[in-house]
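Just below is one structure, and these are the notes that go with it.
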Amino acid sequence: MATIIPLRDLRSDARETELATLVRDAAGQPEAAGPIEDMRGRPLADLRISVTDRCNFRCVYCMPKDVFGRDHAFLPHAALLTFEEITRVARVFVGLGVRKIRLTGGEPLLRRRIEHLVEMLRAIGDDLDLTLTTNGALLARKARDLKAAGLSRVTVSLDSLDDATFRAMNDVDFPVASVLEGIDAAAMAGLTPLKVNMVVKRGANDASIVPMARHFRGTGHIVRFIEYMDVGATNGWRMDDVVPAREIIARIGATLPLAPADPHYRGEVAERWRYADGSGEIGVIASVTQAFCHDCTRARLSTEGRLFTCLFANTGFDLREIVRAGNDDEALRRAIAVVWRQRSDHYSELRTEATAKSPKIEMSYIGG
Ligand code: SAM
Ligand code: SF4
Ligand code: SF4
């Protein structure tokens with residue numbers, strides 16, 4: 001049986017020391033505000049913030065039940081960044097070029113008064129693209145408050161429209177009808193354009209690809225089909241389980257003709273396709289078969305305030321320590337800039353069956 005490797009055993013002490021030394025050496029030097037680039041010329045433009053490592057689902061590809069069981073130890077409340085701490089760190093990121101913030105987890109709607117955090121983040125700037133990814137279970141209840149608090153839009157994860165398949169994927173017997181209610185409530189509240197994320201796992205839910213495309217065609221909602229990834233070390237990922245984006249497009253295109261569409265902006269992870277009859281668009285996220293590391297502009301802030309520069313990293317940089325030690329924003333800005341400037345991550349370009357087995361942070365901790 002797979003087990004979770006504790007973060008303290010996962011991370012590389014040598015790497016942590018190297019980063020800490022670089023940050024310490026930069027002390028006293030003022031960090032200019034404005035955009036920064038990493039070692040591969042990629043700007044820092046997006047920030048994903050994990051607000052909880054808990055979830056009410058046990059999706060087979062993310063938090064398998066045999067690993068995340070009843071006795072699983074989630075982070076204690078005191079370890080989590082507070083809303084004030086998150087907002088402060090986010091504001092510094094925005095000063096360094098971040099234009100888009102996504103709240104994630106775990107399940108972000110489980111964090112108490114999440115709409116209050118949205119309100120605080122919105123106060124950073126009206127032009128900030130502020131979004132949230134959710135499994136939709138609590139969305140029908142929360143959509144209006146989230147919109148009123150200033151959320152721009154939502155992405156809802158939904159792996160099948162077939163109730164039995166969906167219940168098997170979330171593994172807590174949660175009905176698909178409730179997620180569809182959440183999607184309707186979000187659309188009514190104006191959290192649009194709404195995206196629907198479907199992780200495709202061969203033999204588990206790939207029969208749902210075409211019905212999913214058909215169901216959302218013409219609604220204005222954009223379904224994004226995601227290749228199943230080897231995130232973490234507990235989901236038992238195998239290359240054979242991946243349905244390549246090319247195959248997904250071919251399967252949909254065989255009954256609903258598609259034409260390629262241009263990306264909206266640099267770093268857009270989804271490859272866009274339009275229905276030839278003008279009834280909307282879909283996207284495919286081909287992180288496994290067509291790596292997009294060359295354009296990856298995303299930083300991730302973990303639930304306990306560690307900065308990760310790649311979804312497949314095993315070492316993060318502890319920003320919470322800087323925040324709680326009473327340092328000013330300049331120290332925070334310098335630390336983030338130093339970490340980003342020495343970033344060279346490109347895991348998806350290197351992935352093999354062997355690297356997939358290497359120890360990595362779990363998705364539910366680092367934030368999807
Ligand atoms: N709980 C929320 C949800 O499910 O939308 C937010 C967190 S979840 C980790 C973020 C996204 O990551 C979801 O769309 C989920 O489907 C996706 N995801 C999780 N594990 C994955 C995997 N192994 N491969 C590809 N996508 C994955
Ligand atoms: Fe929970 Fe989202 Fe992971 Fe599913 S994908 S287990 S809903 S965090
Ligand atoms: Fe970005 Fe890392 Fe994914 Fe490459 S593997 S796209 S660097 S998160």
Side-chain angles (χ1 to χ4, degrees), residues 38-40 42 44-46 48-65 67-68 72 74 102-111 114 131-139 154-160 166 169-172 174 179 182-183 195-201 204-205 223-238 241-243 267-270 285-288 290-300 303 308-314 343-351 355-356 360-368:
D38 70 7
M39 289 174 79
R40 294 173 160 246
R42 299 169 295 188
L44 170 58
D46 308 66
R48 298 190 168 205
I49 304 176
S50 174
V51 294
T52 177
D53 59 337
R54 291 164 199 262
C55 190
N56 44 356
F57 283 13
R58 286 293 177 273
C59 300
V60 292
Y61 51 75
C62 179
M63 295 179 79
K65 225 183 207 167
V67 180
F68 293 85
H72 177 71
F74 290 100
R102 177 175 297 279
L103 299 178
T104 178
E107 173 46 43
L109 299 189
L110 287 182
R111 181 87 186 245
I114 185 73
T131 71
L132 178 147
T133 303
T134 172
N135 61 26
L138 300 171
L139 193 53
V154 283
T155 297
V156 182
S157 303
L158 176 60
D159 295 325
S160 181
F166 182 63
M169 293 295 281
N170 64 55
D171 214 9
V172 293
F174 196 83
V179 178
I183 290 176
K195 290 179 184 153
V196 178
N197 275 0
M198 172 180 173
V199 175
V200 183
K201 187 175 176 199
N205 67 336
V223 184
R224 291 152 9 127
F225 299 89
I226 304 178
E227 289 179 353
Y228 171 41
M229 295 185 287
D230 53 324
V231 197
T234 59
N235 64 9
W237 184 90
R238 293 176 319 137
D241 295 332
V242 178
V243 180
E268 186 170 35
V269 295
I285 302 185
S287 9
V288 178
Q290 297 162 60
F292 38 76
C293 299
H294 57 282
D295 260 350
C296 180
T297 55
R298 287 179 298 282
R300 291 181 157 84
T303 315
F308 288 86
T309 53
C310 178
L311 186 52
F312 299 91
N314 58 9
R343 171 188 194 241
S344 63
D345 305 273
H346 57 297
Y347 174 83
S348 286
E349 294 176 359
L350 311 172
R351 175 186 290 108
T355 62
K360 298 182 239 80
I361 292 289
E362 294 300 319
M363 182 95 140
S364 52
Y365 165 82
I366 196 176

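Just so you know, ligand 1 is whichever comes first in the structure, and atom 1 is the first atom listed for that ligand.
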Could you pull out all residues at least two apart from Val60 that satisfy side-chain contact (heavy atoms from CB on, under 4.5 Å)?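 Val60 satisfies side-chain contact (heavy atoms from CB on, under 4.5 Å) with Met169, Asp171 once adjacent residues are dropped.
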Partners of Thr309 by side-chain contact (heavy atoms from CB on, under 4.5 Å), sequence neighbours excluded?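 In terms of side-chain contact (heavy atoms from CB on, under 4.5 Å), with neighbours along the sequence ignored, Thr309 is linked to Val339, Trp340, Arg343, Asp345.
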Which of the numbered atoms in ligand 1 are below 4.0 angstrom from a heavy atom of [X]?
X: Asn235; value: 23 (N)
X: Gly105; value: 7 (C), 9 (C)
X: Thr104; value: 6 (C), 7 (C)
X: Asn135; value: 2 (C), 3 (C), 5 (O)
X: Glu107; value: 1 (N), 2 (C)

Closest contact, heavy atoms only, [X] versus [Y]:
X: Arg351; Y: Ser287; answer: NH1-O, 3.2 Å
X: Glu227; Y: Val242; answer: CB-CG1, 4.1 Å
X: Asp159; Y: Val199; answer: OD1-N, 3.1 Å

Would you mind finding which of Ala137, Ser287, Ser157, Cys62 brings a heavy atom closest to atom 5 (O) of ligand 1?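 When every heavy atom of Ala137, Ser287, Ser157, Cys62 is considered, Ser157 comes closest to atom 5 (O) of ligand 1.
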For ligand 1 and Asn197, I'd like to know whether there is a polar contact (N/O to N/O, distance under 3.5 Å).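 It does: an N or O of Asn197 is found under 3.5 Å from an N or O of ligand 1.
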Looking only at distance, does Met229 have an N or O less than 3.5 Å from an N or O of ligand 1?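 Among all N and O atoms of Met229, at least one is under 3.5 Å from an N or O of ligand 1.
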Please report, to 0.1 Å, the donor-acceptor pairs under 3.5 Å made by any side chain of residues 290-298, with sequence neighbours excluded.
residue: Asp295; atom: OD1; partner: Arg266; partner atom: NE; Å: 2.7
residue: Asp295; atom: OD1; partner: Arg266; partner atom: NH2; Å: 3.4
residue: Thr297; atom: OG1; partner: Asp46; partner atom: OD1; Å: 2.6

Do you see a donor-acceptor pair shorter than 3.5 Å between the side chains of Thr133 and Thr155?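 Side chains of Thr133 and Thr155: no pair found under 3.5 Å.
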Any chance the side chains of Glu107 and Thr52 put a donor and an acceptor closer than 3.5 Å?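 There is no such pair (donor and acceptor under 3.5 Å, judged by atom type) between the side chains of Glu107 and Thr52.
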Between Trp237 and Tyr228 (side chain of the first, backbone of the second, donor and acceptor by atom type, cut-off under 3.5 Å), is there such a pair?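 Here the side-chain-to-backbone pair exists.
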Tell me whether ligand 1 is touched by Gly106 - counting only heavy atoms on the residue side and a distance under 4.0 Å.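 For ligand 1, residue contact (heavy atoms, under 4.0 Å) with Gly106 is present.
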Close approach of Glu227 to ligand 1, heavy atoms, under 4.0 angstrom: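 Distance cut 4.0 Å: Glu227 passes for ligand 1.
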Identify, by atom number and element, the atoms of ligand 2 in contact range of Cys59, meaning under 4.0 Å from any of its heavy atoms.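 Under 4.0 Å from Cys59, ligand 2 has these atoms: 4 (Fe), 5 (S), 6 (S), 7 (S).
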Check each protein residue for a heavy atom under 4.0 Å from ligand 3 and list those that pass, ordered by chain and number.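 Close residues (ligand 3, cut-off 4.0 Å): Phe292, Cys293, Cys296, Arg298, Arg300, Cys310, Leu311, Phe312, Arg343, Asp345, Tyr347, Ser348.
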With a 4.0 Å cut-off on heavy atoms, is Gly105 touching ligand 2?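 It does not; every heavy atom stays at 4.0 Å or beyond.
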